[in-house]
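Note sheet for the following structure.
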Protein chains: 2
Amino acid sequence: MSPTVKDVAREARVSVGTVSRVLARNETVNPGIRQRVEEVIARLGYRPSSLGRSLRLNKSDIIGLIIPDITNPFFAELAKHLETLASAAGYSVLLANTHDDPKAECKQVQSLLCRVPAGIVIAPVSGSLVGGILPDGLVSVTIDRPLTGHSLVAVDNFEGGRLAASHLLELGHRRIGYISGPTTTDVSIQRLNGFRGRVEEASSDRAQDLVQLTVLEGNFDYKSGEAIGRKLLQGNVGRRPTAIATANDQQAIGLLRASRDLGIRVPEDLSIVGFDDIPLASLVLPRLTTVRQPIEEIAEIAIRALLGSGPIVGPIALRPALVERDSTAPPPAC
Amino acid sequence: MSPTVKDVAREARVSVGTVSRVLARNETVNPGIRQRVEEVIARLGYRPSSLGRSLRLNKSDIIGLIIPDITNPFFAELAKHLETLASAAGYSVLLANTHDDPKAECKQVQSLLCRVPAGIVIAPVSGSLVGGILPDGLVSVTIDRPLTGHSLVAVDNFEGGRLAASHLLELGHRRIGYISGPTTTDVSIQRLNGFRGRVEEASSDRAQDLVQLTVLEGNFDYKSGEAIGRKLLQGNVGRRPTAIATANDQQAIGLLRASRDLGIRVPEDLSIVGFDDIPLASLVLPRLTTVRQPIEEIAEIAIRALLGSGPIVGPIALRPALVERDSTAPPPAC
DNA sequence: TGGTCAATATGAAACGTTTCATTGCCATAA
DNA sequence: TTATGGCAATGAAACGTTTCATATTGACCA
């Protein structure tokens, strides 16, 4: 089929070893022969087989990316950056969705391991891998969500939650709602804890001016944001929250739609803070105030940890940043 | 490192061939031995190496997916379905972004070919592949955009354009704008031609009631939709279009934002029709009327063509469908 | 007993690389 | 002339599979 190193060797009347050494550019080989071999390679359109190479080296140039759902803009963005960086370093990215199903995750991991990947980037479904631990030799980076016994690269979710809370408190909000992600995920818990912690601090600081916090739990998607949003917003004006923070932008966008449907103006009647800063956040109306995750940086660190200088030590917590846009304002005077 | 078939063979005191036959379930092997081997496999946690297997069979179980940008919701959706189907059939998906750059595309294709993929799904940057044609042995499916000499699976974009036009005409619009994608892509051209063709039909049907069509070209993203939208919408009320169709949903959503900023109500003052029906289309406000592409069906046909019964013959054009939501209405009376 | 057949296990070759110990060559030194 | 050494190319082994031709076994029949 495709020409192999043997064909090249025969055609250039050298041994396969020599061809191989021509390809590994740094080897010492007679200039005349090198040229002859290179010419044959070009003429035959020879392309070294990754398969043979990987088998011999017992290590492929594939990086496995295991995420819940590529349809989620956050992971799509992450995948894009990872792929770009990996590609530049001569690696390819294998995509695997778990759909947040531990069984599917296990299957995907197994199937990936058969490929002897150079490394794996995983956003695990839960805190522990169902199929047991990953093999020793494998370099892996856990992103977004932690996995016991593995190094994590992620934004500091706790701090992110605090940022959102601080912003709302500073604007003067005192009746606040929070739409959480599933509390089975560590991400949700961290964000919520950060948020709640900051709110409680404020409450105890000024006992005369108690802050009232209502937390409801949903999923990380648009629909959930809309549904939970409705629940939080029904009730008379004096009772309902003047601000709601969400655990991600998709929920926030769903919430935006719910408030529109209910005739509640954002930010005049209701302030909304999201989390992630997906591209869409700056496109909805009003543009969404949100806590930004440095996705590109996460991708860079992950790739560096995988391909670069040894595994990373301990969890890396990146700094989140509050991006102030048009969906937050002081509470309505009443 | 990881146990190999040899380790299993030694441990179970059989030959490697026998182990292999135990794994290929359909082979005839003594039940007692089979059990012994299986037990050893389980005990050792043996996992056959994809590498060795692929090398021997000269065919891997990798499906290459080459697309412009995984961040585009349409492609993300497609990738998800492809991955799900491929995974169910025991294949893995290798992700490669071209960022609409022919050079990057060439590099990605080359790098993919080294892996001896079982097949490749490609949404090519342009009508022809820079690095020459794909090798003979390789099964490939072209999606979304055609590639000369390759079979295409895509929605009937021409018909989709007609659907959008018909809808607006039936509502009574006579001053219509169209935001096209880059006219270097076949997709854009087809959609525009379909749209324009239908409009011209209407114009000639009823000469007394001429339809006026303004077409501007942009890119397939939010920003472009917003910018081009602004251009179309400036000018006094009597002159500006009462309806605008776009070449994809992202443009439509950008346009939505532009009209909001300009104080133009949708659909009362302006009707908008998108194309694709990405998940977000039903979440923006107002919910977007759009031409739906059967993404899941595209994925299914592509996978079937790749893994199933031989290559597909000729281009497959799937039927688009108009999804009527809240962004279109009769033109304002004036 | 010898022969035939079916059933089943074996061993080796092959897939396309890389690497490493050898070999061959030539120049310089003794 | 014979050693010595350095440089470059060679050939074979190895990576982990699958497959195919061959070997082994036992049973059955004449």
Side-chain angles (χ1 to χ4, degrees), chain A residues 1-38 40-41 44-62 90 110-111 113-118 135 137, chain B residues 1-38 40-41 44-62 90 110-111 113-118 135 137:
Chain A
M1 225 8 268
S2 210
T4 80
V5 71
K6 258 184 220 156
D7 300 319
V8 175
R10 179 165 21 79
E11 202 79 4
R13 282 161 330 203
V14 293
S15 73
V16 294
T18 303
V19 176
S20 180
R21 271 173 33 258
V22 167
L23 290 174
R25 313 288 301 185
N26 54 352
E27 287 275 357
T28 160
V29 38
N30 182 302
I33 293 196
R34 153 157 287 162
Q35 196 190 334
R36 203 166 80 216
V37 170
E38 278 174 344
V40 172
I41 288 180
L44 261 49
Y46 166 73
R47 217 187 350 259
S49 154
S50 229
L51 255 35
R53 177 158 212 282
S54 298
L55 180 58
R56 174 65 227 257
L57 303 183
N58 197 27
K59 182 164 187 277
S60 76
D61 42 6
I62 282 184
Q110 295 302 320
S111 137
L113 288 181
C114 290
R115 299 218 150 73
V116 202
Chain B
M1 227 3 269
S2 209
T4 79
V5 71
K6 258 183 219 158
D7 300 319
V8 176
R10 179 166 20 80
E11 201 80 3
R13 280 162 332 204
V14 294
S15 73
V16 293
T18 304
V19 176
S20 179
R21 268 164 45 251
V22 167
L23 290 174
R25 312 287 302 183
N26 54 354
E27 288 273 357
T28 160
V29 38
N30 183 302
I33 293 197
R34 152 156 289 160
Q35 195 190 334
R36 204 167 77 217
V37 171
E38 278 174 343
V40 172
I41 287 180
L44 260 49
Y46 165 72
R47 217 185 353 257
S49 153
S50 228
L51 255 35
R53 178 159 210 283
S54 298
L55 181 59
R56 174 64 227 255
L57 303 183
N58 197 28
K59 183 165 187 277
S60 76
D61 42 6
I62 283 185
Q110 295 302 321
S111 135
L113 288 180
C114 292
R115 299 215 152 76
V116 202

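Proteins get letters first, then strands, A, B, ... in listed order; numbering begins at 1 in each. These figures come from a predicted structure and were not determined experimentally.
- Nearest to the side-chain atoms of B:L55 among the listed nucleotides C:dT8, D:dT17, C:dC15 stands C:dC15.
- The side-chain hydrogen bond (donor to acceptor under 3.5 Å, both in side chains) check on A:R36 picks up nothing, with sequence neighbours excluded.
- Counting any heavy atom pair closer than 4.0 Å across all strands shown, B:N58 reaches no nucleic acid atom.
- In terms of position along DNA chain C, the nucleotide closest to B:I33 lies nearer the 5' end than the nucleotide closest to the other residue of the pair A:A24 and B:I33.
- Residues forming a salt bridge (charged side-chain N to carboxylate O under 4.0 Å, His left out) with B:R53 (at least two apart in sequence, or on another chain): none.
- For A:R47, the side-chain hydrogen bond (donor to acceptor under 3.5 Å, both in side chains) test picks out B:Q110, with sequence neighbours left out.
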Name every donor-acceptor pair, under 3.5 Å, that has one atom in a side chain of residues 1-9 of chain A and the other anywhere in the protein, sequence neighbours excluded.
from, atom 1, to, atom 2, distance (Å)
A:T4, OG1, A:K6, N, 3.0
A:D7, OD1, A:R10, NH2, 2.7
A:D7, OD2, A:T4, N, 2.8

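- Contacts of A:L51 classified as side-chain contact (heavy atoms from CB on, under 4.5 Å), with partners at least two apart in sequence or in another chain: A:S49, B:S54, B:L55, B:V116.
- Side-chain nitrogen and oxygen atoms of B:R21 include none within less than 4.0 Å of the OP1 or OP2 phosphate oxygen of C:dT8.
- If you take CZ of B:R47 and P of D:dG16, they are 13 Å apart, rounded to a whole angstrom.
- Checked against side-chain contact (heavy atoms from CB on, under 4.5 Å), A:Q35 has no partners two or more places apart in sequence or in another chain.
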Check: protein-nucleotides 23-25 of chain C nitrogen or oxygen pairs below 3.5 Å:
none

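- With distances taken from any side-chain atom of A:V29 to the nucleotides D:dT17, D:dA9, C:dT17, the minimum falls on D:dA9.
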Please list, for nucleotides 11-13 of chain D, all pairs of protein and nucleotide N/O atoms separated by less than 3.5 Å.
none

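- Residues passing the side-chain contact (heavy atoms from CB on, under 4.5 Å) test with B:S20, sequence neighbours excluded: none.
- Of the residues in residues 4-14 of chain B, those placing a heavy atom less than 4.0 Å from an atom of DNA chain D are B:T4, B:V5, B:K6, in numerical order.
- With D:dT17, C:dG16, D:dA9 as the candidates, the nucleotide lying closest to the side chain of A:S49 is C:dG16.
- To the nearest angstrom, P of C:dT17 lies 10 Å from CG of A:L51.
- The side-chain contact (heavy atoms from CB on, under 4.5 Å) search around A:R21 returns A:T18, A:E27, A:V29, not counting sequence neighbours.
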